[in-house]
Every structure is written in structure tokens, then in C-alpha cells.
Amino acid sequence: MMRYTVPRDLYFGKGSLEQLKNLKGSKAIIVVGGGSMKRGGFLDQAVSYLEEAGMEVKLFEGVEADPSVETVMRGAEMMKEFEPDVIVSMGGGSPIDAAKAMWAFYEYPEVTFEDLCIPFNFPKLRTKAIFVAIPSTSGTATEVTAFSVITDYAKGIKYPLADFEITPDVAIVDPALAETMPAKLVAHTGMDALTHAVEAYVSTMNGPFTDPLALRAIEMVFDYLPTSFEGNMESREQMHYAQCLAGQAFSNALLGIVHSMAHKTGAAFEGGHIPHGCANAMYLPAVIEFNSKDETAMKRYADIARFVKLEGSTDEELMRALVKKIRDFNVLLGIPASLKEFGIPEDEFNAKIANISELAVGDACTGTNPRSIDPATMEKLFRAIYEGVSVDF
Ligand code: ATR
């Protein structure tokens with residue numbers, strides 16, 4: 001038996017933030033990041049809509065990018081004191097992910113972080129509050145997914161929490177919030193969305209409910225990301241929906257090794273953080289080449305290429321056309337073609353890559369990749385990506 005879970009209600013369209021007015025409850029807490037929602041005026045709007053609904057409103061501000069266990073615990077403490085019956089998370093993936101974990105600790109103060117790290121082991125939520133998610137970036141789709149990524153900085157590890165209990169109750173996908181994104185954020189989050197859809201489509205858990213969402217999301221990213229990147233707001237709106245379709249696909253079909261590799265390299269090098277979407281964009285073409293040695297995966301990549309009307313008369317030609325299209329997109333969006341070009345020093349890469357490869361193979365996303373991989377092959381794959389060369393093994 002398989003399962004397909006998405007939020008109970010999804011409101012979308014410009015101005016749909018207003019839906020907050022119709023929520024039922026007496027106390028609402030709003031969880032946001034570092035200030036973009038305030039600057040855009042969206043935080044004030046959200047507060048006044050919730051007050052219009054008759055709720056007392058409290059704010060938890062300042063969730064950092066890649067939120068920490070400590071931030072989650074501080075938020076949960078505030079919730080325990082304030083006792084909200086509505087949790088509203090608004091912003092990029094970081095504040096929404098943090099709020100999901102706060103929610104679990106608010107409802108179950110005795111639960112430990114280690115308990116939550118066991119996949120699909122969450123206690124029943126919604127005994128104290130419902131959860132509303134309002135994305136302001138067009139990539140993570142955390143507003144519709146069963147996932148949250150929290151970083152334990154003491155251990156230097158990113159923990160992906162996974163359970164359908166943390167799939168939000170209500171998602172509000174209002175493209176107005178995405179209009180203020182700078183171009184680089186548009187590029188990175190957009191390629192994150194593309195990667196979600198491609199990995200979900202070839203995942204070993206793919207299926208009839210997620211395939212159409214994944215294919216349409218890929219088509220929309222190819223149609224709208226370049227113009228959204230240039231600042232066209234109609235395209236920006238379509239990208240906001242495309243990433244949400246991709247999210248519904250991957251929350252249920254899961255992902256593959258592009259994400260395993262991005263999770264384990266994001267914070268691994270001294271030279272600087274590799275933004276998640278940028279890492280995905282750099283790794284995706286090489287992973288498609290690698291996975292295509294598996295016949296079923298090759299056929300599925302060819303399906304994608306056919307769906308978006310790329311040229312090719314054999315599955316292999318179609319797969320190669322897809323790889324080229326993604327590499328061309330990276331050029332267009334100013335994304336480096338290799339880890340070397342990104343600026344990771346060669347000596348640091350050589351010193352760390354064996355350990356990173358081992359960790360990447362052990363990542364939760366590796367299990368649903370269409371081709372299995374061992375640490376030595378993972379290292380070979382990383383080396384090809386470091387140099388930006390094609391993969392033929
Ligand atoms: P992601 O969705 O990639 O996980 P994030 O980690 O939540 O994104 O946010 C990344 C950066 O994008 C943050 O600096 C965030 O600013 P705030 O912390 O101040 O909110 C910024 N950001 C998110 N949405 C934005 C928007 N619509 N306009 C401008 N900046 C935005």
C-alpha cells in the first residue's frame with residue numbers, strides 16, 4: 001500500500017493571504033525569518049487579518065537560514081507559554097521548517113529531538129494547534145510537504161525530519177510574497193523545484209498520483225524560470241505554483257541522490273555555504289547521466305524530455321537533450337558548472353570528499369534513488385562534478 005498526503009486546504013492566487021481572515025481560533029503565533037516579510041509589508045498584513053478573525057497574535061521573529069535546534073526549542077518554549085491554537089509560518093523554507101519542528105515540541109514537550117529524527121515516527125499532532133504555511137520563495141515547497149530540515153550545529157549535521165503529521169493543514173500560495181525575491185534567490189530556489197520534480201519522477205516510489213504533478217512542474221519551470229529570473233511577475237507567479245506542484249510530488253514519491261549530495265555538501269567546506277538549490281542545480285545533470293545506466297531510469301528521463309518536447313529519436317538521445325537543457329539553464333541563471341568553478345579549493349575537496357561521499361550514501365534520500373550507489377562510486381561522481389565533466393560510469 002502507498003500513501004498520498006497533501007494539506008487539507010490549499011489557497012492560491014494573488015491576495016490569497018487574505019484567507020487568514022477566515023481561520024478559526026483564539027490565539028495565533030506567526031513564525032518568520034529575518035525581516036524580508038516585515039519589509040515587504042506581509043507580516044503586518046498577516047497580523048491584521050488574524051486580528052480581524054478575532055485572534056490574539058504573537059510573533060516569533062528571526063529564524064535563521066538553515067534553522068538550528070536551539071531556535072526550534074526557543075520557539076517551542078514561546079508556544080508553550082502563549083498556547084496558540086493556530087501556528088502560521090511565513091517566509092522561505094527556513095522559518096516554515098523551523099515552525100514545523102516547534103509545533104511538535106509544543107504539542108509533546110517530553111519528546112526528544114532524537115525521537116523526531118526517526119522517519120515517520122512523529123506522535124499525532126493537531127491536539128493543540130493547526131498549522132498554516134505561507135511560502136515566500138519558490139522552491140522548497142515545505143508548505144505542502146512532510147519534511148523539515150533542522151541543523152544541529154554542535155554536531156555539524158543537518159537532520160531531515162519526515163512524517164506526514166507535519167504536512168501543514170493549510171497552505172496559502174500567494175505569489176505576491178515571491179515578488180520581492182532577488183534574482184539569485186529566484187534562480188536557486190527555481191532549480192531546487194526542478195530537482196524535486198525530476199527526482200520524484202524517477203524515484204523508486206514514483207506513481208500515478210505524483211507523476212502528472214512532477215511532469216507539469218518540470219514543464220512549468222522550463223517555461224517560466226528564465227523570465228521569472230529576469231523579473232517578469234506573471235512568470236514569477238507560475239513558478240510559485242510550479243514549485244508547489246513539485247512539492248506535492250516529492251513529498252509523496254520522495255527524492256534521490258542529488259538531494260543526498262546537496263544535504264551533505266551544503267555546510268561542508270570552509271570556503272562557504274553552498275546554497276541548497278545551487279548545489280542541486282550543479283549536481284542534477286551528472287546524476288541524470290549516472291542514473292541513466294539503469295534502464296528504467298533512462299526511460300523515465302526520456303519521458304520527461306518527450307513531455308517537454310526536446311529532440312531525440314532514442315531514449316539515450318532524449319536523456320542527453322534533458323541534461324543539455326539543464327546545463328544550459330545553469331549558464332542562463334549564473335549557476336557554476338562545477339564545484340571547482342563554485343570556488344571550493346581543490347585541497348579541501350580532496351581532503352574531505354571520501355567522508356562526504358560516505359555520508360551522502362547514508363542520507364535518507366539515497367534509498368529511493370533509481371540506481372544504487374556505494375561510497376567509492378559516490379566519490380567518483382563527486383570528482384566528475386568537481387571538474388564539471390560528463391559521467392559515463
Ligand atoms: P529557502 O526557501 O531557500 O529555504 P530561506 O532559507 O528561508 O529560503 O531564506 C533564504 C533567504 O531568502 C533569507 O535571507 C530570507 O530572508 P528573511 O530571513 O529575512 O525572511 C530571504 N527571503 C525569503 N523570501 C524572500 C522574499 N520573498 N523576498 C526577499 N527575500 C526573501
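Start at 1 and go down the list; that is how both ligands and their atoms are numbered.
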Quick one: side chain to side chain donor-acceptor pair (under 3.5 Å) partners of Lys324, sequence neighbours excluded?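 Lys324: side chain to side chain donor-acceptor pair (under 3.5 Å) contacts with Asp328.
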
Atom pairs, nitrogen or oxygen, ligand 1 to protein, under 3.5 angstrom:
{"residue": "ligand 1", "atom": "2 (O)", "partner": "Gly93", "partner atom": "N", "Å": "2.8"}
{"residue": "ligand 1", "atom": "2 (O)", "partner": "Thr137", "partner atom": "OG1", "Å": "2.6"}
{"residue": "ligand 1", "atom": "4 (O)", "partner": "Gly93", "partner atom": "N", "Å": "3.2"}
{"residue": "ligand 1", "atom": "6 (O)", "partner": "Ser94", "partner atom": "OG", "Å": "2.6"}
{"residue": "ligand 1", "atom": "7 (O)", "partner": "Gly93", "partner atom": "N", "Å": "3.2"}
{"residue": "ligand 1", "atom": "7 (O)", "partner": "Ser94", "partner atom": "N", "Å": "2.9"}
{"residue": "ligand 1", "atom": "7 (O)", "partner": "Ser94", "partner atom": "OG", "Å": "3.3"}
{"residue": "ligand 1", "atom": "18 (O)", "partner": "Gly34", "partner atom": "N", "Å": "2.7"}
{"residue": "ligand 1", "atom": "19 (O)", "partner": "Gly34", "partner atom": "N", "Å": "3.2"}
{"residue": "ligand 1", "atom": "19 (O)", "partner": "Gly35", "partner atom": "N", "Å": "2.9"}
{"residue": "ligand 1", "atom": "19 (O)", "partner": "Ser36", "partner atom": "N", "Å": "2.8"}
{"residue": "ligand 1", "atom": "20 (O)", "partner": "Ser36", "partner atom": "OG", "Å": "2.6"}
{"residue": "ligand 1", "atom": "24 (N)", "partner": "Ser136", "partner atom": "OG", "Å": "2.7"}
{"residue": "ligand 1", "atom": "27 (N)", "partner": "Ser136", "partner atom": "O", "Å": "3.0"}
{"residue": "ligand 1", "atom": "27 (N)", "partner": "Leu177", "partner atom": "O", "Å": "2.7"}
{"residue": "ligand 1", "atom": "27 (N)", "partner": "Thr180", "partner atom": "OG1", "Å": "3.1"}
{"residue": "ligand 1", "atom": "28 (N)", "partner": "Thr180", "partner atom": "O", "Å": "3.3"}
{"residue": "ligand 1", "atom": "28 (N)", "partner": "Thr180", "partner atom": "OG1", "Å": "2.8"}
{"residue": "ligand 1", "atom": "28 (N)", "partner": "Met181", "partner atom": "N", "Å": "3.4"}

For His196, check ring pair (Phe, Tyr, Trp, His ring centres under 6.0 Å) against everything at least two apart and list the hits.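 With sequence neighbours excluded, His196 shows a ring pair (Phe, Tyr, Trp, His ring centres under 6.0 Å) to Phe250, His259, given in chain and number order.
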
Please verify the inter-ring angle class for Phe105 with Phe113; under 30° counts as parallel, over 60° as perpendicular, anything in between as tilted.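 Correct class here is parallel.
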
Quiz item: cation-pi between Arg236 and Tyr224, 6.0 Å / 45°: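 Cation-pi check for Arg236 and Tyr224: fails.
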
With Lys325 as the cation and Phe222 as the aromatic partner, state whether NZ or CZ is under 6.0 Å from the six-membered ring centre and within 45° of the axis.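 The answer is yes, since Lys325 meets both limits relative to Phe222.
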
Among Ile, Leu, Val, Met, Phe, Trp and Tyr joined by side-chain contacts under 4.5 Å, find the other residues sharing a cluster with Met90 and list them by chain and number.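 For the cluster that includes Met90, the remaining residues are Tyr11, Leu17, Leu20, Leu23, Ile30, Val32, Met37, Phe42, Leu43, Val47, Tyr49, Leu50, Met55, Val57, Leu59, Val86, Val88, Ile130, Val132, Ile134, Val170, Ile172, Leu177.
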
